[in-house]
Amino acid sequence: MKIYENVSLKNYTSYRTGGTAKFFAVPSTTDELVNYLKWAEKNSIEHFIMGGGCNLLISDQILDRLVIVLSNLNRHILKKHKKIYAGAGVLLDSMIVYTIRSYMTGAENMSGIPGTVGGALAMNAGAFGTEIGMLTEEIDLLGPDGSVFTVKGADAGFSYRRTAAVGSNIVLGGKFLLEEGNRAESEALRRDILRRRASKQPLEYPSCGSVFKRPEGHYAGELIERCGLKGKRIGGAMVSEKHANFIVNIGGATGSDIKNLIEEIKLIVLKETGVQLEEEVKYIGF
Ligand SMILES: Cc1cc2nc3c(=O)[nH]c(=O)nc-3n(C[C@H](O)[C@H](O)[C@H](O)COP(=O)(O)OP(=O)(O)OC[C@H]3O[C@@H](n4cnc5c(N)ncnc54)[C@H](O)[C@@H]3O)c2cc1C
């Protein structure tokens, strides 16, 4: 067991922002994870779970917590017939490449979504009409009382960017059901999806992907653009010129720069369009 102290979280988030974790751990196995959780409980320290940090905005302060990064947790993939088991720390995109190479189809539309399988299951991540919940047969979870249990995909309560069953549990891994596929066709679809993402998204800058959820009957990016906010800046944070639902770190942005820009966008969009935007990005430590 190795607990690091005073670790900058900048290198652990896709925004390249964030303060310092007072305590920090990167478990590889469920047993190690359980030991870290016990240590936090024994020392009355709150913990926070991170995957790839691709949907997080972390404050610039010292986080008086144990930050547990799960990007190494149970990092293996197993295949049995049309089913795949992937541990929480496997990169979602690596799992997709694995399915394609294993002549399986169904996950290609999620190609290029950054982050881990655990984070994708916690967020019900998705793109181009496919959400991870649609493919999920089972999720293995660790409960706050230390129990390990399995929830069927059908009972997991997947909805838009939310998975009710995860709640305060920790995802250890998931089992996914795919169809038999044609590798060449799947590779062509993946290439097309990656091309479409690169043409629409400012992937050249650090970001968290879409900042806001899709409001009923609208697109957040379109509303933000309509309010003339593309290119608006606070410090090193800027509303992307390429996609208005992305706030990019154009260099040296702080968590507060990004948070303040988000607040300002919400106010202006509400005033100009009457639509209340809601964040998809998760705040930590604000
Ligand atoms: C350029 C870019 C493009 C993106 N495009 C998309 C997209 O098309 N579709 C989409 O849905 N998202 C997209 N995102 C957002 C992000 O990639 C997803 O939300 C992703 O699933 C987050 O995974 P993560 O491992 O980074 O989770 P993190 O960001 O580390 O965590 C997200 C949440 O999940 C929780 N969590 C993480 N791991 C676990 C675990 N094992 N158990 C329990 N809780 C956990 C965290 O506590 C946090 O609340 C994009 C992000 C970027 C930077």
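Along the sequence shown, residues carry numbers from 1. For ligands, and for the atoms within them, numbers begin at 1 and follow the listed sequence.
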Checklist entry - Is the shortest N/O to N/O distance between V171 and ligand 1 below 3.5 Å? => result yes
Could you tell me which atoms of ligand 1, counted from 1 in the order shown, lie closer than 4.0 angstrom to a heavy atom of [X]?
X    : value
C208 : 15 (C), 50 (C), 51 (C), 52 (C), 53 (C)
L203 : 1 (C)
G51  : 25 (O), 28 (P), 30 (O), 37 (C), 38 (N)
A125 : 11 (O), 21 (O)
M50  : 30 (O)
F48  : 47 (O)
G115 : 23 (O), 24 (P), 25 (O), 26 (O)
S207 : 1 (C), 53 (C)

[atom]: nearest protein contact (heavy atom, Å):
atom                    : result
atom 29 (O) of ligand 1 : N55 N, 2.8 Å
atom 33 (C) of ligand 1 : M123 SD, 3.9 Å
atom 34 (O) of ligand 1 : A122 CB, 3.5 Å
atom 11 (O) of ligand 1 : G126 N, 3.0 Å
atom 28 (P) of ligand 1 : G53 N, 3.6 Å
atom 31 (O) of ligand 1 : L56 CD2, 3.9 Å

Next on the checklist: Between K230 and E225 (salt bridge meaning N to carboxylate O under 4.0 Å), is one present in this structure?
Outcome noted: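 Looking at K230 and E225, the cut-off is met.
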Item to check | E280 with R161: basic N within carboxylate O range, under 4.0 Å | outcome: yes
Hey, does [Y] have a side-chain heavy atom less than 4.5 Å from the side chain of [X]?
X    : Y    : answer
E41  : H47  : no
Y205 : N249 : no
F48  : I68  : no
I284 : S59  : no
N124 : S159 : no

For [atom], which of the options [options] provides the nearest non-hydrogen atom?
atom                    : options               : answer
atom 15 (C) of ligand 1 : P114, C54, G173, G209 : C54
atom 13 (C) of ligand 1 : T116, I113, I170      : I113
atom 37 (C) of ligand 1 : S111, G119, G52       : G119
atom 4 (C) of ligand 1  : R161, R197, Q201      : R197

Checklist entry - Can you list the residues that meet the side-chain hydrogen bond (donor to acceptor under 3.5 Å, both in side chains) rule with S111, with sequence neighbours excluded? => result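 Residues passing side-chain hydrogen bond (donor to acceptor under 3.5 Å, both in side chains) with S111: R190.
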Checklist entry - Which bit of A127 is near ligand 1, meaning a heavy atom under 4.0 Å away: side chain, backbone, both or neither? => result side chain
Item to check | Side chain, backbone, both or neither: the part of I49 lying under 4.0 Å from ligand 1 by heavy atom | outcome: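 Looking at I49 and ligand 1, atoms from backbone and side chain both fall under 4.0 Å.
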Next on the checklist: Going by salt bridge (Lys or Arg N to Asp or Glu O under 4.0 Å), K83 matches just one of E180, E137, E179. Which one?
Outcome noted: E137
Next on the checklist: Under 4.0 Å, counting heavy atoms only: does N169 come that close to any atom of ligand 1?
Outcome noted: yes
Checklist entry - What is the distance from atom CG of L33 to atom OG of S28, rounded to the nearest 0.5 Å? => result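 Rounded to the nearest 0.5 Å, the CG-OG separation comes out at 10.5 Å.
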Checklist entry - Under 3.5 Å, side chain of Y160 to main-chain N/O of R214, donor-acceptor pair present? => result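 Looks like yes, one N/O pair under 3.5 Å.
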Checklist entry - So, N245 side chain and F212 main chain: donor-acceptor pair closer than 3.5 Å or not? => result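 Checked: pair present.
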Next on the checklist: Please give the remaining members of the hydrophobic cluster of V117, linking ILVMFWY side chains under 4.5 Å, ordered by chain and number.
Outcome noted: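 Direct or chained contacts put V117 with I77, I84, V90, L92, M95, I96, Y98, I100, M104, M110, I113, L121, I132, L135, I139, L141, F149, V151, F158, V166, V171, F176, L178.
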